[in-house]
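To start, the structure itself, in structure tokens.
Just so it is clear, the structure is predicted and the values come from calculations on it, not from any experiment.
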Amino acid sequence: MGRIKERAKNLISRGFERMGLTLNGYGHANCLRHLLAQEQINVVVDVGANIGQYGSWLRGVVGYRGRILSVEPVSDSHATLTRHAAADPAWTVLPRCAVGSEPGVATMQVSRNSVSSSILPPSELGLESMADAVRAVREEVVPVRTLRELRAEHLADGQRAFLKVDTQGFERQVIAGIGDDLALWPVIQVELSTVPLYSGETSFAAMHTHMESLGYELYSVFPSYWTRPAYRMLQADCLFVRKSEASDSVGGAQAASSGF
């Protein structure tokens with residue numbers, strides 16, 4: 001029944017989209033659909049997949065049909081994610097691990113709301129703004145891999161990969177683990193905080209500057225978490241594109257093939 005309702009919702013939302021009306025989340029979907037096709041992306045690497053919400057959104061809303069590789073460190077979330085992806089032959093869940101700048105081990109702060117779990121502890125402002133969502137209920141020691149390792153093991157030479165990073169303040173360390181292979185990742189999406197929600201996280205402005213220094217251009221920003229009832233944006237999904245390719249997209253270039 002749940003899958004039928006989800007399909008019906010997607011069909012209705014797509015109908016609104018065709019009429020030029022954007023429902024919540026569909027501006028992001030439209031943008032990502034364009035970028036994945038333009039850049040001929042044929043594999044999505046989802047770091048911080050939780051229970052598979054993003055993969056389901058890619059399939060049901062964006063319409064992406066290429067490979068998905070999901071990475072999740074929290075044990076119960078990883079188990080649910082594995083069950084969720086089992087029926088999709090193009091969706092692979094990698095062995096449980098975190099992703100960082102160097103291989104090793106780390107301690108996850110598992111939050112009451114599992115999507116807010118992080119290697120970093122919540123800041124005072126984070127606890128004040130998000131309360132129980134970020135408060136840790138237990139710790140888990142997890143292996144840490146790098147994107148350079150994971151790419152070598154799971155992606156073929158020449159594959160065009162899109163990277164999505166949602167690691168609650170640990171995004172800079174994840175991207176540092178790419179090493180010298182940045183050109184192999186033409187599009188990167190990172191969730192960034194507009195206020196410091198986790199102790200030690202890189203600020204929105206500093207991360208923007210850092211991504212530019214790596215050769216990326218900010219392409220689009222989509223709010224992902226905000227306060228209620230004031231609706232102050234706390235986190236946003238930010239799409240970054242390699243600078244030469246971002247310039248091409250402004251001119252309306254179209255790709256010949258992709259994962260659609």
### Residues that Tyr54 engages under ring pair (Phe, Tyr, Trp, His ring centres under 6.0 Å), provided they are two or more places apart
Trp57
#### Entry: Pair Thr80-Arg83, side-chain donor/acceptor within less than 3.5 Å
yes
### Task
Determine whether the side chains of Glu201 and Ser193 contain a donor N or O and an acceptor N or O closer than 3.5 Å.
yes
### Task
Look up atom CD in Glu39 and atom CH2 in Trp185, then write down how far apart they are to the nearest 0.5 Å.
14.5 Å
### Query
Which atom names give the shortest non-hydrogen contact between Ala49 and Leu81, and what distance separates them?
CB-CD2, 3.8 Å
### Task
Take Glu149 and Arg151 through the salt bridge (charged side-chain N to carboxylate O under 4.0 Å, His left out) test and state the conclusion after the steps.
CA-CA 6 Å; Glu149 290 177 313; Arg151 183 175 182 105; over 6 Å; no
### Task
Using the six-membered ring of Tyr216, assess whether NZ or CZ of Arg242 lies under 6.0 Å from its centre and within 45 degrees of the ring axis.
yes
### Query
So, for Leu120 and Tyr198, which heavy atoms are closest and what is the spacing to 0.1 Å?
O-CD2, 3.6 Å
### Message
Between the side chains of Asp181 and Arg148, is the shortest nitrogen-to-carboxylate-oxygen separation below 4.0 Å, so that they form an ion pair?
### Response
yes
### Task
Could you list the residues that satisfy side chain to side chain donor-acceptor pair (under 3.5 Å) with Asp237, not counting sequence neighbours?
none
### Message
Looking at every non-hydrogen atom in both residues, tell me the closest pair between Ile41 and Val44 and how far apart they are.
### Response
CG2-CG2, 4.4 Å
### Query
Quick one: do the Glu140 and Gln109 side chains pair a donor with an acceptor below 3.5 Å?
no
### Task
Side-chain contact test, heavy atoms from C-beta onward, threshold under 4.5 Å: evaluate it for Leu239 versus Lys164 and give yes or no.
no
### Summary
In terms of heavy-atom contacts, Gly66 and Arg59 come closest through O-NH1, 2.9 Å
### Message
Regarding Ser224 and Glu191, do their side chains bring together a donor and an acceptor under 3.5 Å, going by distance alone?
### Response
yes
### Task
Could I get the full list of side chain to side chain donor-acceptor pair (under 3.5 Å) partners for Ser70, not counting sequence neighbours?
Trp91
### Query
With sequence neighbours left out, what residues match Glu153 under salt bridge (charged side-chain N to carboxylate O under 4.0 Å, His left out)?
Arg145
### Check ion pair Asp76-Arg138 (N to O, under 4.0 angstrom)
yes
### Query
For residues Thr202 and His210, is any side-chain donor paired with an opposing acceptor at under 3.5 Å?
no
### Query
Would a 4.5 Å heavy-atom cut-off, applied to side chains only, mark Leu94 and His154 as touching?
yes
### Message
Determine whether Val195 and Arg232 satisfy the following criterion, side chain to side chain contact (heavy atoms under 4.5 Å, CB included), listing intermediate values before the conclusion.
### Response
CA-CA 10 Å; Val195 296; Arg232 178 182 180 182; 3.0 Å; yes
## Note on the structure
To the nearest 0.5 Å, atom CG of Leu155 lies from atom CZ of Arg160 at 12.5 Å
### Message
Please check: side-chain N/O of Glu72 versus main-chain N/O of Asn50, any donor-acceptor pairing under 3.5 Å?
### Response
yes
## Note on the structure
Applying side chain to side chain donor-acceptor pair (under 3.5 Å) to Thr92 and not counting sequence neighbours gives none
### Message
I'd like to check Val187 versus Tyr219 (side-chain heavy atoms, cut-off strictly below 4.5 Å). Are they in contact?
### Response
no
### Query
Mind checking what makes side chain to side chain contact (heavy atoms under 4.5 Å, CB included) contact with Glu102, not counting sequence neighbours?
none
### Query
In terms of side-chain heavy atoms, does Gln159 have a donor or acceptor partner in Asp157 at a distance below 3.5 Å?
no
